Amino acid sequence: AGSAPIWQFQGLTGCGSFYEIVQKTFLTGSQTCVDNIAKSWSAITNCWPGDLESLSKTFGLCQPLKSKSDLEEMRDWISGVYSDMAMVDYPYPASFLEPLPAWPVKEFCKFLSEPLEDKALLTALAQGVKMYFNYTGQAPSLNMSQQATADLGDRGWDYQACTEMVMPMCTNNTNMFYNIDWDFDSYAADCKARWGVSPRQDWISLNYWGKNIKSASNIIFSNGQLDPWSGG
């Protein structure tokens, strides 16, 4: 079970552990990389209302940004890139989420290796994001509705996370990310809107004994220090 998040649930693991490990993984790239990412959120927000067209072109988006909600969606999309990249920060080329080089976090951080501000920061950030989504050079534009290769078929996971696998997430104790609070009521409402289901927050702990796994056997937890799921 490589980094299997068997305790990434309510009352078992703090909601901030996932993003803390993402930040730790990006620190292997450099402190400057993490500092630039931290500054980038305000640089993105400051593009509202006058610079949406320029930002869309810088990132090569398939659909141009048109509203403040589009900008917030872009922010969440980029945040997802960091989480996904930390998950697949392998020492060899792989294509599990997207075709990527070995140590993709370090490759990404090469674009953010010196302190940057404003448009220069956004240009460098866009190069890093393009490395993640278009390392092969085959994508004519970047689609914000796509977090990984379309072949992955990850919608099933989204449904499961809205029913049985409710994993609290927040950005407490990090400075790399913008503020994300864990709000179960909001999460439940979103699940209801997307899937028509209500999440069972304590289902895993009740059915699988929480941290009481002494009766389990034949489980090997392999090295997963860079994988943010290892926190649970």
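Computed from a prediction, not measured in an experiment: that's the story for all the values here.
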If you count every heavy atom of other residues, nucleotides or ligands that lies below 6.0 Å from [X] atom [atom1], does the total exceed 12?
| X | atom1 | result |
| --- | --- | --- |
| Lys211 | NZ | yes |
| Tyr208 | OH | no |
| Glu72 | CD | yes |

* Quick one: side chain to side chain donor-acceptor pair (under 3.5 Å) pairs with a partner in residues 16-30, sequence neighbours left out? ->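 As it turns out, the side chain to side chain donor-acceptor pair (under 3.5 Å) pairs with a partner in residues 16-30, which skip direct neighbours, are Gln8-Ser17, Glu20-Asn173.
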* To do: May I have all residue pairs that pass side chain to side chain donor-acceptor pair (under 3.5 Å) and include part of residues 191-206, sequence neighbours excluded?
  => Asp158-Arg194, Asp158-Trp195, Asp190-Arg194
Shared hydrophobic cluster for [X] and [Y] (ILVMFWY, side-chain gaps under 4.5 Å):
| X | Y | answer |
| --- | --- | --- |
| Leu206 | Met165 | no |
| Leu97 | Trp157 | yes |
| Phe96 | Phe133 | yes |
| Val166 | Trp7 | no |
| Tyr90 | Ile21 | no |

Which pairs count as salt bridge (Lys or Arg N to Asp or Glu O under 4.0 Å) when at least one residue sits in [range], sequence neighbours excluded?
| range | result |
| --- | --- |
| residues 107-117 | Lys39-Glu117, Glu107-Lys110 |
| residues 47-62 | Glu53-Lys57 |
| residues 73-95 | none |

Locate the shortest heavy-atom distance separating [X] from [Y]; write the atom from each residue and the value.
| X | Y | value |
| --- | --- | --- |
| Met87 | Asp227 | CG-OD1, 3.7 Å |
| Cys191 | Pro199 | CB-CD, 4.1 Å |
| Asp70 | Pro64 | OD2-O, 4.3 Å |
| Thr32 | Pro115 | CG2-N, 3.6 Å |
| Pro99 | Thr136 | CB-CG2, 3.7 Å |
| Val88 | Leu100 | CG2-CD1, 3.7 Å |

How long is the straight-line distance from [atom2] of [Y] back to [atom1] of [X], given to the nearest 0.5 Å?
| X | Y | atom1 | atom2 | result |
| --- | --- | --- | --- | --- |
| Cys162 | Tyr187 | SG | OH | 4.5 Å |
| Ile6 | Ile204 | CD1 | CD1 | 10.5 Å |
| Phe18 | Ile180 | CZ | CD1 | 10.0 Å |
| Asn172 | Thr174 | CG | OG1 | 8.0 Å |
| Met167 | Leu12 | CE | CG | 10.5 Å |
| Asn46 | Asp118 | CG | CG | 7.5 Å |

Within the 4.5 Å heavy-atom criterion, are [X] and [Y] side-chain neighbours or not?
| X | Y | result |
| --- | --- | --- |
| Leu142 | Lys130 | yes |
| Gln63 | Ser145 | no |
| Asn207 | Glu164 | no |
| Tyr135 | Pro101 | yes |
| Met144 | Phe59 | no |
| Pro168 | Phe184 | no |

Please answer whether the main-chain N or O of [Y] pairs with a side-chain N or O of [X] as donor and acceptor at a distance below 3.5 Å.
| X | Y | value |
| --- | --- | --- |
| Asp181 | Asp183 | no |
| Asn36 | Leu116 | yes |
| Ser40 | Ala43 | no |
| Trp41 | Met176 | yes |
| Thr171 | Tyr178 | yes |

* For the pair Phe26 and Leu112, evaluate side-chain contact (heavy atoms from CB on, under 4.5 Å) and give the outcome as yes or no after the intermediate values. => CA-CA 11 Å; Phe26 272 80; Leu112 300 174; over 6 Å; no
* Can you list the residues that meet the disulfide bond (SG atoms under 2.5 Å apart) rule with Cys47, with sequence neighbours excluded? -> none
